[in-house]
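Here you go, one structure.
Fair warning: this is a prediction, and the values are worked out from it, not measured in the lab. Ligands are counted one by one from 1 in listed order, and the atoms in each one are counted from 1 as well.
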Amino acid sequence: MGFLSILSFAHKLIEERVKPGEPVVDATAGNGVDTVYLARCTGPSGTVYAFDIQAAALERTAARCALEAPGHRVELVHHSHAELAEALPTETHGRVAAVTFNLGYLPGHDHATITTAASTLPALEAAASLLRRGGVITIVLYTGHPGGQEEAEAVEAWAASLPQAQYQVLTYRYLNQRNHPPYCVAIEKR
Ligand code: SAM
């Protein structure tokens, strides 16, 4: 059996924690692959809040959900994930089981629209406070595009500074792959 891919590793961490009916967040909906995954984890009684600043991404996500996760509650939020706390109903605050970030640009679309630390860090800060105990944030990072390395360094510095008594932080990454392989930072609230 081979190692888990970076994305499968993030999915595994989510799947092990999310219980049916819990609120979960896709902070970067894109093509909707993670949104569908989250919808299946929380089931038809749960809600996925899926954020993207690009209308085209939310359209793709809606289409994918209709096909691959019909009957699940997916709230599409056409706002920056920096507005996570304001966009989620107050009753979900402190009860969110998982927040997933898949950073960078939308594959097969406009490569100029990328996530940047200016909004990623406030979004991560909000996500960390919205999580329930035992909830998880997964962040898949890319460093091969302009701006990617700077964002990844800012995310790592932020994650490394989280207090150990309240959060466990780890990375899952290749040590021998060339050409900027993606990697995962995961945060669990204690
Ligand atoms: N998870 C997606 C999937 O399964 O296909 C891929 C996400 S793609 C790598 C990154 C997405 O983040 C893009 O669709 C982009 O529009 C979005 N994005 C960029 N800045 C954002 C922001 N401030 N808030 C929310 N989404 C943002």
*May I ask you to check whether T28 has an N/O atom sitting below 3.5 Å from an N/O atom of ligand 1?*
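In this structure, T28 places an N or O atom under 3.5 Å from an N or O of ligand 1.
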
*So which protein heavy atom does atom 24 (N) of ligand 1 come closest to, and at what separation?*
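For this ligand atom, the closest protein heavy atom is H81 N, 2.9 Å.
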
_T100 contact mode with ligand 1 (heavy-atom cut-off under 4.0 Å)_ =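 For T100, there is no contact with ligand 1 at all, from either part.
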
*What is the closest protein heavy atom to atom 5 (O) of ligand 1, and at what distance does it sit?*
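Ranked first by proximity to atom 5 (O) of ligand 1 is N31 N, 2.8 Å.
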
*Can you tell me the protein heavy atom closest to atom 19 (C) of ligand 1 and the distance?*
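Going by distance alone, atom 19 (C) of ligand 1 is nearest to T115 CG2, 3.4 Å.
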
*Taking N or O atoms only and a 3.5 Å limit, does S80 qualify as a polar contact for ligand 1?*
yes

*For the pair F9 and Y172, name the ring-plane relationship: parallel under 30°, tilted 30 to 60°, perpendicular over 60°.*
parallel

*Given the rule that I, L, V, M, F, W and Y join up when any side-chain heavy atoms are under 4.5 Å apart, are L121 and L141 in one cluster?*
yes

_Gap separating the SG atom of C41 from the CD atom of E22, nearest 0.5 angstrom_ =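 C41 SG to E22 CD: 10.5 Å, rounded to 0.5 Å.
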
_Heavy-atom contact check, 4.0 Å cutoff: does L103 meet ligand 1?_
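Judged by the 4.0 Å heavy-atom criterion, L103 does count as contacting ligand 1.
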
*Starting from atom 20 (N) of ligand 1, find the nearest protein heavy-atom neighbour and note its residue, name and distance.*
I53 CD1, 3.4 Å

*Considering only heavy atoms from C-beta outward, does the side chain of L67 approach that of V36 to under 4.5 Å?*
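The answer is no; the side chains never approach within 4.5 Å.
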
_Residue pair T47 / E75, side-chain donor-acceptor N/O under 3.5 Å_ = no

_Nearest-contact summary for atom 10 (C) of ligand 1 - protein heavy atom, Å_ = N102 O, 3.3 Å

*Hey, mind stepping through E15 and Y37 against side chain to side chain donor-acceptor pair (under 3.5 Å) and telling me if it holds?*
CA-CA 9 Å; E15 175 192 311; Y37 195 80; 2.4 Å; yes

*Backbone or side-chain N or O of P107 under 3.5 Å from ligand 1 N or O*: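 Checking ligand 1 against P107, no N or O pair falls under 3.5 Å apart.
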
*Number the atoms of ligand 1 from 1 as they appear, then name those within less than 4.0 Å of a heavy atom of A29, with their elements.*
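Close to A29: 1 (N), 2 (C), 3 (C), 4 (O), 5 (O).
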
*Test of proximity, D34 against ligand 1: N or O pairs below 3.5 Å*: yes

*Which atoms of ligand 1 are found less than 4.0 Å from any heavy atom of Y105?*
8 (S), 9 (C)

_Spacing of CZ belonging to F51 relative to CG belonging to L76, to within rounding of 0.5 Å_ = 10.5 Å

_Please say yes or no: joined through hydrophobic side-chain contacts below 4.5 Å, possibly via intermediate residues, are V169 and I137 part of one cluster?_
yes

_Atoms of ligand 1, numbered as shown, that sit under 4.0 Å from any heavy atom of A27_ =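 Atoms satisfying the 4.0 Å criterion: 25 (C), 26 (N).
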
_With the threshold set at under 4.0 angstrom, would you say A82 reaches ligand 1 through any of its heavy atoms?_
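Distance cut 4.0 Å: A82 fails for ligand 1.
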
*Linking I/L/V/M/F/W/Y whenever any side-chain heavy atoms sit under 4.5 Å apart, do I187 and V155 land together?*
yes

_Distance in Å, N102 CG paired with T115 OG1, rounded so as to fall on 0.5 Å steps_ =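 One finds 9.0 Å between CG of N102 and OG1 of T115.
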
*What are the atoms of ligand 1, with element, lying closer than 4.0 Å to any heavy atom of S119?*
23 (N)

_Student check: side-chain heavy atoms of I139 and L124 closer than 4.5 Å_ = yes

*Report, in ascending order of atom number, the atoms of ligand 1 lying under 4.0 Å from any heavy atom of G104.*
10 (C)

*asked:* Quick test: of every protein heavy atom, which one is nearest to atom 16 (O) of ligand 1, and how far off is it to 0.1 Å?
replied: D52 OD1, 2.6 Å

